[in-house]
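Residue numbers start at 1 and run along the sequence shown. Reckoned from all heavy atoms, side chains included, excluding hydrogens, waters and symmetry mates. Just so you know, ligand 1 is whichever comes first in the structure, and atom 1 is the first atom listed for that ligand.
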Amino acid sequence: MTHTPAEKTSLTVLGLGAMGTALARTWLAAGHSLTVWNRTPSRAAALGEEGAAVAGSVSDAVAANRLVVACLLDDASIGEALAGVGLAGKDLVNLTTSTPAEARTRAAWAHERGARYLDGGIMAVPPMIGVPEAAGYVFYSGSRELFEQHRETLGVPAGTRYVGEDAAFAALHDVALLSAMYGMFAGVSHAFALIRDEDIDPVTFAPLLADWLVAMAPSVHQTAEHLRTGDYTQGVVSHLGMQVAGIPTFLSTAEEQKVSPELVSPFFELMRRRLAEASGDESLTGVVDLLRR
Ligand code: FVH
């Protein structure tokens, strides 16, 4: 591994889109010697002025350092950009958003080429990079040895969370958390739609909604405990039977407010299905089992 006099690992960043540029800039600002490459060369100019070495080709960029961080658009662009590039002896850290299967395949692809491999899932948007107070972080999975070796360097732009040797796990954690986020966005959209045509100020309503979501968020711990023990009734306060009995109120309210129930109906349907086959004393955890194919 190449070290600068200050013992900071030198590295290469491939891909200077919004995220790649933010990552590269924090390493540069932290004193790491940096080589960058981007398919469209003009996007590398600013970093060049800030002190990064701008490689003329992806092969030169990869050759410049053992640690190579890639942050391209998608998995296909990684295959395209690195086709025919020598990776033997390299430590490839791929922060490109991928599916779990793509990550596993990409890890095998890197190993076949003689590289060690880490996959990453970024839980941050570009303005959160290099801002510790923003609490952004990156999930990493794949070679633990590689992660431990580069932990400090990888921790410069954002926090790090290593989630296992299986290269797929970073992507899986990433997509699981983002999926939960979209479920929340769906509920929030429905809530605002319900009040939209009334004399209720959305700006006054917003903190009520945000506080309620925060208050309900710890319920994920009970769901996790239920999944671990297999007992979905332990400590349940708001049981499934009661919640299913409340569904007509939610649907009628949507109808009264002239709001489509299309975002909430699928979840209500799963709650009803679970009640039809299980105990009304359960939590909502049984829905997880209904979703598994
Ligand atoms: N930006 C965000 O909010 C999210 C936050 C969470 C993680 N994502 C993922 O990060 C990857 C990169 O995202 P990005 O924001 O940097 O994306 P763009 O600004 O669109 O830049 C894309 C870069 O990829 C290069 N590229 C695209 N196709 C190819 C290819 N076939 N060969 C080589 N490079 C390619 C593109 O190059 P150019 O268009 O400038 O020539 C950009 O450098 C992504 O996986 C997000 O899901 C970001």
Side-chain angles (χ1 to χ4, degrees), residues 11-28 34-50 52-64 68-87 90 92-107 109-110 113 117-132 134-142 154-161 163 167-182 184-185:
L11 72 156
T12 287
V13 171
L14 306 179
L16 300 173
M19 185 53 84
T21 298
L23 294 167
R25 197 157 266 144
T26 59
W27 275 307
L28 208 51
L34 188 72
T35 298
V36 294
W37 172 84
N38 194 61
R39 179 181 61 176
T40 306
S42 57
R43 287 180 99 167
L47 279 159
E49 281 165 21
E50 290 165 37
V54 179
S57 71
V58 65
S59 296
D60 288 351
V62 170
V68 177
V69 176
C71 189
L72 302 184
L73 187 62
D74 54 15
D75 181 66
S77 50
I78 291 286
E80 216 172 296
L82 291 175
V85 174
L87 292 177
K90 298 295 170 184
L92 179 61
V93 178
N94 182 11
L95 301 185
T96 304
T97 302
S98 323
T99 71
E102 283 171 343
R104 247 176 225 142
T105 306
R106 190 57 65 195
W109 171 93
R113 284 157 180 77
Y117 185 85
L118 263 184
D119 205 86
I122 305 174
M123 302 307 300
V125 291
M128 292 165 74
I129 298 300
V131 183
Y137 64 88
V138 180
F139 285 120
Y140 289 97
S141 63
L154 296 176
V156 168
T160 58
R161 304 270 195 288
V163 287
F169 279 13
L172 190 52
H173 279 73
D174 183 12
V175 173
L177 264 58
L178 293 175
S179 300
M181 176 191 77
Y182 281 114
M184 180 185 76
F185 288 163

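Looking at atom 13 (O) of ligand 1, its nearest protein heavy atom turns out to be M19 CB, 4.0 Å. Scanning the protein heavy atoms around atom 21 (O) of ligand 1, the nearest turns out to be G17 CA, 3.3 Å. Annotation: atom 19 (O) of ligand 1 to nearest protein heavy atom, A18 N, 2.9 Å. Protein heavy atom at the shortest distance from atom 43 (O) of ligand 1 is N38 OD1, 2.6 Å. Of the protein's heavy atoms, L72 CD2, 4.0 Å lies nearest to atom 25 (C) of ligand 1.
The residues D119 and R106 are annotated as not salt-bridged, no charged nitrogen and carboxylate oxygen being separated by less than 4.0 angstrom.
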Decide side-chain contact (heavy atoms from CB on, under 4.5 Å) for V62 and L14; before the verdict, give the C-alpha distance in whole Å, the side-chain angles of both, and the deciding distance to 0.1 Å.
-> CA-CA 8 Å; V62 170; L14 306 179; 4.1 Å; yes

I would like to know whether V138 and L154 meet side-chain contact (heavy atoms from CB on, under 4.5 Å); could you show each step before the answer?
-> CA-CA 9 Å; V138 180; L154 296 176; over 6 Å; no

Report the C-alpha distance between L47 and V54 in whole Å, list the side-chain angles of each, state the deciding distance to 0.1 Å, and finish with yes or no for side-chain contact (heavy atoms from CB on, under 4.5 Å).
-> CA-CA 8 Å; L47 279 159; V54 179; 5.7 Å; no

Does the pair V68 and L92 meet the rule for a side-chain contact (heavy atoms from CB on, under 4.5 Å), with working shown?
-> CA-CA 5 Å; V68 177; L92 179 61; 4.1 Å; yes

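Residue-to-ligand polar distances keep G15 apart from ligand 1: every N/O pair is separated by 3.5 Å or more. Considering both main-chain and side-chain atoms, L95 never comes within under 3.5 Å of ligand 1 through any nitrogen or oxygen pair. Taking only nitrogen or oxygen atoms, main chain and side chain alike, E80 reaches within less than 3.5 Å of ligand 1. In terms of polar-atom proximity, R39 is counted as a contact of ligand 1, with an N or O under 3.5 Å from an N or O of the ligand. An N or O contact shorter than 3.5 Å links L16 to ligand 1 by distance. When only interatomic distances are considered, the shortest N/O to N/O separation between L73 and ligand 1 falls below 3.5 Å.
Scanning for side-chain hydrogen bond (donor to acceptor under 3.5 Å, both in side chains) contacts around Y140 gives an empty result, with sequence neighbours left out.
The proximity of T40 to ligand 1, defined as any non-hydrogen pair under 4.0 Å, involves the side chain as well as the backbone.
Counting the atoms of ligand 1 from 1 in the order shown, those under 4.0 Å from a heavy atom of I122 are 6 (C), 7 (C). Under a 4.0 Å criterion applied to the non-hydrogen atoms of P126, ligand 1 contributes the atoms 1 (N), 2 (C), 3 (O). Residue contact check: R43 has heavy atoms under 4.0 Å from atoms 19 (O), 38 (P), 39 (O), 40 (O), 42 (C) of ligand 1. Distances below 4.0 Å separate heavy atoms of C71 from the following atoms of ligand 1: 10 (O), 11 (C), 12 (C).
Remark: side-chain polar atoms of T21 are not paired, donor with acceptor, to backbone N or O of A18 under 3.5 angstrom. At least one donor-acceptor pair closer than 3.5 Å links the side chain of R113 to the backbone N or O of W109. T96 contributes no side-chain N or O that, together with a main-chain N or O of D75, makes up a donor-acceptor pair within less than 3.5 Å. S59 places no side-chain N or O within donor-acceptor distance of the main-chain N or O of V85, the cut-off being under 3.5 Å.
Heavy-atom separations between A124 and ligand 1 include at least one value shorter than 4.0 Å.
Taking the six-membered ring for Trp and thresholds of 30 and 60 degrees, Y137 and F139 have ring planes more than 60 degrees apart, a perpendicular arrangement.
In the candidate list L23, T96, L178, T97, T97 is nearest to atom 47 (O) of ligand 1, counting heavy atoms.
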